[in-house]
*Asks:* 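This is the structure, below, for whatever I ask next.
Chain identifiers are assigned alphabetically (A, B, ...) following the order of the sequence lines, protein sequences preceding nucleic acid strands; residue numbering begins at 1 within each chain.
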Amino acid sequence: MEKKHFLSGDEAVAFAVKLCRPHVIAAYPITPQTVIVEKISEFVASGEMDCQYLHVESEHSAMAACMGASLMGSRTFTATSSQGLLYMCEMLHYVSGSRYPIVMVNANRTIAAPWNIFGDHRDSLSQRDSGWIQFYVENAQEALDVTIQAYKIAEDPKVSLPVMINLDGYVLTHTYELVDVPPQELVDQFLPAFQTTNKLDFEKPKSLSFSAPPEWQTEFRFQQFEAMEIAKEVINQVDKEFGRVFGRTYGGLIHEYCCRDADYVLVAMGSVAGTARIVVDQLRAKGKKVGLVKLRSYRPFPKEYFQDLGQRVQAVGVIDRDISFGYEGAVYSDVKAALYRPGAQVKTVNFIAGLSGRDITKENLAQMYEPLEALALGEKVSEIQFTGLRWT
Amino acid sequence: MAVKIKDLPDKELLYGHKACQGCGGAIVARLALKVLGERTCVVLPASCISSVTTIYPQMAFFVNSLTSAFPAAAAVLSGMAAACRAQRLEDVTLLGFAGDGGTIDIGLQSLSGAVERGDDFLYICYDNEAYMNTGIQRSGLTPYGAWTTTTPTNNNAVGEKKFKKNLFEIMMAHRIPYCATASVGYPLDLLNKLAKARDIRGPKALHVLAPCPTGWGHGPEKTVEIGRLAVETGLWFLAEYEKGQVKINYNPKKFKPVQEYLIRQKRFRHLGEKDIAVIEEHRDKEWEILKKHAGRVE
Ligand SMILES: Cc1ncc(C[n+]2csc(CCOP(=O)(O)OP(=O)(O)O)c2C)c(N)n1
Ligand code: SF4
Ligand SMILES: [Mg+2]
């Protein structure tokens with residue numbers, strides 16, 4: 001029987017980690033992630049969790065220690081946010097290039113300067129090309145469930161890639177909800193004990209994380225590319241299997257809401273998707289044919305899905321809680337590139353919103369559908385729009 | 001128990017690498033594996049030794065090995081040690097093998113953390129007194145007066161203007177179970193320290209002077225001789241710190257003149273009388289401190 005607990009997003013992650021039985025945890029504090037590693041330390045201290053808990057001296061070392069543990073054949077976990085994610089940037093590439101199936105939670109928080117502890121996606125999106133699978137979740141339940149799924153995806157021998165689960169700072173990390181915590185037996189059944197061939201071997205010694213000269217780099221990069229392509233399928237399968245065991249599914253790479261007959265849709269990642277669904281309901285009640293696409297997996301990117309969507313709808317708006325200075329929102333660039341297949345008539349607009357924890361309200365979202373409607377009617381609107389900007 | 005050379009295994013666990021002839025670092029690595037054995041896992045941060053040993057598909061280590069990010073060798077070791085505890089994996093030796101730059105500059109934070117945690121590993125800093133892999137730039141262990149590509153010499157400049165940081169004392173300040181200095185010029189002393197470190201649980205650190213013919217400007221056949229002269233002139237020292245006590249392993253009544261060491265290396269050729277006086281004065285001060293440590297029980 002699943003038990004309902006009143007948990008914050010951070011606590012839900014800690015419960016998920018406990019259920020996944022990692023051998024080694026590396027912990028370094030940073031708001032708004034810290035509650036995760038605090039809670040885990042309580043589990044370890046009370047004997048509820050049997051694992052090695054390392055108080056490391058930096059995020060760089062946290063990821064390095066996870067790498068060391070993984071290559072010895074241990075399941076690992078760490079969590080970070082913002083400045084901490086940037087501080088471990090070198091190790092992110094190291095881990096993915098060496099194909100260690102490490103799972104990490106990133107509590108999304110903006111990047112200084114200007115300094116601020118509140119949420120946006122500038123931290124994780126800046127690590128787009130670090131070779132990590134990146135999930136964005138909508139609520140505490142999804143955070144718990146995807147953490148369990150993440151180990152299964154990462155450790156699939158066809159994938160063997162690290163996974164980063166992104167959780168909106170404060171809105172998810174510090175907000176309490178009723179969360180179903182599955183029983184240990186079910187999780188054990190779903191997630192077998194850690195096994196990997198990508199570890200040191202005392203019978204037949206190996207070199208791991210080695211150098212590869214120009215004659216070989218391309219082949220290793222191709223393998224990484226292929227693993228990400230395979231991960232698309234595995235992510236969908238694991239979500240379905242999770243549904244069979246636990247009774248909850250999330251749609252795999254994306255989750256559609258009212259898109260089947262929609263004329264224009266918004267694309268969003270993370271917690272704002274929940275608010276956006278309410279707005280879709282309100283607009284649908286007024287007869288507007290609107291929809292919402294929740295982008296769950298940013299890497300691997302569901303290119304094929306958006307290629308198809310571009311043939312089905314007239315206008316697409318993308319909410320970016322980030323901006324790539326000198327261009328546009330990072331998610332927008334990717335979505336647009338996939339939508340515009342030869343012959344596609346779809347129009348697009350980019351909303352830069354929710355930066356550094358600024359609320360994205362229902363009114364904001366309702367207003368985003370207005371330029372989309374205008375585009376669908378053939379009118380012109382400006383392509384990059386800053387939501388709620390003081391100066392217009 | 002003292003190491004007997006004739007008891008060392010013939011089997012080589014490091015060969016076929018691409019180090020320069022006479023590379024002191026490669027000698028240290030080879031000797032270390034003779035003592036530590038086949039169940040050793042070597043962690044190499046970016047450095048000469050990692051670049052000459054682990055380039056796919058020609059791997060020169062015949063024990064488990066991996067290249068870590070430059071600042072992270074000790075943190076990787078720490079994670080490995082935790083995994084060994086979690087999996088109750090015993091009888092494994094975790095060896096960090098890092099250059100001076102990878103230890104005293106960019107790697108110092110992770111080394112400090114791992115030693116503080118008390119994880120079971122041996123960390124060897126092979127000290128060639130500069131960033132050699134990137135082409136001889138100064139590090140925090142480059143000695144006073146040395147030419148490097150970032151401490152050039154001309155009429156006004158002596159080269160490096162600062163003195164070596166003291167890794168031995170930094171490790172002592174962590175109250176590490178065991179640390180020692182050694183030199184490629186004294187292989188038996190080095191082997192004995194390796195054997196001692198192997199048999200102690202917890203973190204251990206060895207700081208080994210490892211002459212580099214390419215960066216120091218001496219013949220490849222002179223590596224061992226230079227490694228001896230460094231000690232005989234008092235510019236390097238052989239000591240151990242164990243159970244809170246410092247022991248000096250080589251304590252000559254009188255040092256050989258420092259010129260005998262300096263003159264054999266191109267990196268010091270430009271030094272004049274004044275610089276030599278500065279070097280001697282610093283040496284004597286350092287020895288006073290070392291002797292004080294040796295007389296002290298913590
Ligand atoms: C973060 C980072 N900065 C810089 C480098 C470049 N780098 C690679 S090896 C090296 C020099 C290593 O010097 P040392 O540790 O003394 O070892 P040596 O090559 O002298 O044996 C440097 C600077 C790097 N690999 N990573
Ligand atoms: S440059 Fe020096 S340290 Fe590097 S391989 Fe050559 S001799 Fe060894
Ligand atoms: Mg060096």
*Asks:* Does Asp201(A) offer a backbone N or O that forms a donor-acceptor pair with the side chain of Asn64(B) under 3.5 Å?
*Replies:* yes
*Asks:* Below 4.5 Å, heavy-atom pairs only: which of Ala212(A), Ser98(A), Pro213(A), Ser58(A) has the largest tally toward chain B?
*Replies:* Pro213(A)
*Asks:* Using the six-membered ring wherever Trp is involved, compare the ring planes of Tyr56(B) and Phe220(A) and label them parallel, tilted or perpendicular (cut-offs 30° and 60°).
*Replies:* perpendicular
*Asks:* Where on His55(A) is there a heavy atom nearer than 4.5 Å to chain B: the side chain, the backbone, both, or neither?
*Replies:*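 Only the backbone of His55(A) comes within 4.5 Å of chain B.
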*Asks:* Between Ala62(A), Ser207(A), Ser61(A), which residue shows the highest count of heavy-atom pairs closer than 4.5 Å to chain B?
*Replies:*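 Looking at each of Ala62(A), Ser207(A), Ser61(A) in turn, Ser207(A) comes out on top.
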*Asks:* Surrounding CD of Glu48(A) (heavy atoms of other residues, nucleotides or ligands, distance under 6.0 Å), is the total greater than 12?
*Replies:* yes
*Asks:* Give, as side chain, backbone, both or neither, the part of Val24(A) having an atom under 4.5 angstrom from any heavy atom of chain B.
*Replies:*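 Looking at Val24(A), just its side chain touches chain B.
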*Asks:* What verdict does the side-chain contact (heavy atoms from CB on, under 4.5 Å) test give for Ser112(B) and Glu57(A), after you've listed the backbone C-alpha separation in whole Å, the side-chain angles of each residue and the deciding distance to 0.1 Å?
*Replies:* CA-CA 9 Å; Ser112(B) 173; Glu57(A) 60 286 345; over 6 Å; no
*Asks:* Go through the side-chain N and O atoms of Ser74(A) and Gln87(B) and say whether any donor and acceptor fall under 3.5 Å apart.
*Replies:* yes
*Asks:* Is it the side chain or the backbone of Leu89(B) that comes within 4.5 Å of chain A heavy atoms, both, or neither?
*Replies:* side chain
*Asks:* Give me the atom names and distance for the closest heavy-atom approach of Met67(A) to Ser68(B).
*Replies:* CE-CA, 4.4 Å
*Asks:* Is there side-chain contact between Pro205(A) and Phe61(B), with heavy atoms separated by less than 4.5 Å?
*Replies:*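 They are not in contact (no side-chain heavy atoms under 4.5 Å apart), so the answer is no.
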*Asks:* Tell me if the CD atom of Gln21(B) is crowded by more than 12 foreign heavy atoms within 6.0 Å.
*Replies:* no
*Asks:* Taking the side chain as every heavy atom from C-beta outward, state whether Met80(B) and Leu200(A) have any atom pair closer than 4.5 Å.
*Replies:* yes
*Asks:* For Val42(B), is it the side chain, the backbone, both or neither that has a heavy atom under 4.5 Å from a heavy atom of chain A?
*Replies:* neither
*Asks:* Could you tell me whether Lys158(A) atom NZ has more than 12 heavy atoms of other residues or ligands within 6.0 Å of it?
*Replies:* no
*Asks:* Tell me, for Gln109(B) versus chain A, whether the close heavy atoms (under 4.5 Å) come from the side chain, the backbone, both or neither.
*Replies:* both
*Asks:* Quick check on Arg39(B): does its CZ atom have over 12 non-hydrogen neighbours (other residues, nucleotides or ligands) under 6.0 Å away?
*Replies:* yes
*Asks:* Are there more than 12 heavy atoms of other residues, nucleotides or ligands under 6.0 Å from atom CD of Glu169(B)?
*Replies:* yes
*Asks:* With side chain to side chain donor-acceptor pair (under 3.5 Å) as the test, would you mind laying out the steps for Thr67(B) and Ser209(A) before giving the verdict?
*Replies:* CA-CA 6 Å; Thr67(B) 305; Ser209(A) 304; over 6 Å; no
*Asks:* Quick check: does any side chain N or O of Gln52(A) sit under 3.5 Å from a backbone N or O of Cys84(B), one acting as donor and the other as acceptor?
*Replies:*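 Judged by distance alone, no pair lies under 3.5 Å.
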*Asks:* Give, as side chain, backbone, both or neither, the part of Arg117(B) having an atom under 4.5 angstrom from any heavy atom of chain A.
*Replies:*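 It is the side chain, since no backbone atom gets that close.
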*Asks:* Quick one: are Pro71(B) and His60(A) in side-chain contact, heavy atoms under 4.5 Å?
*Replies:*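 Yes, their side chains come closer than 4.5 Å.
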*Asks:* Evaluate whether atom CD of Gln58(B) has more than 12 neighbouring non-hydrogen atoms of other residues, nucleotides or ligands under 6.0 angstrom away.
*Replies:*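 No, because the 6.0 Å sphere around CD of Gln58(B) holds 12 heavy atoms or fewer from other groups.
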*Asks:* Within the structure provided, determine whether Cys41(B) and Phe202(A) are in side-chain contact (heavy-atom separation under 4.5 Å).
*Replies:* yes
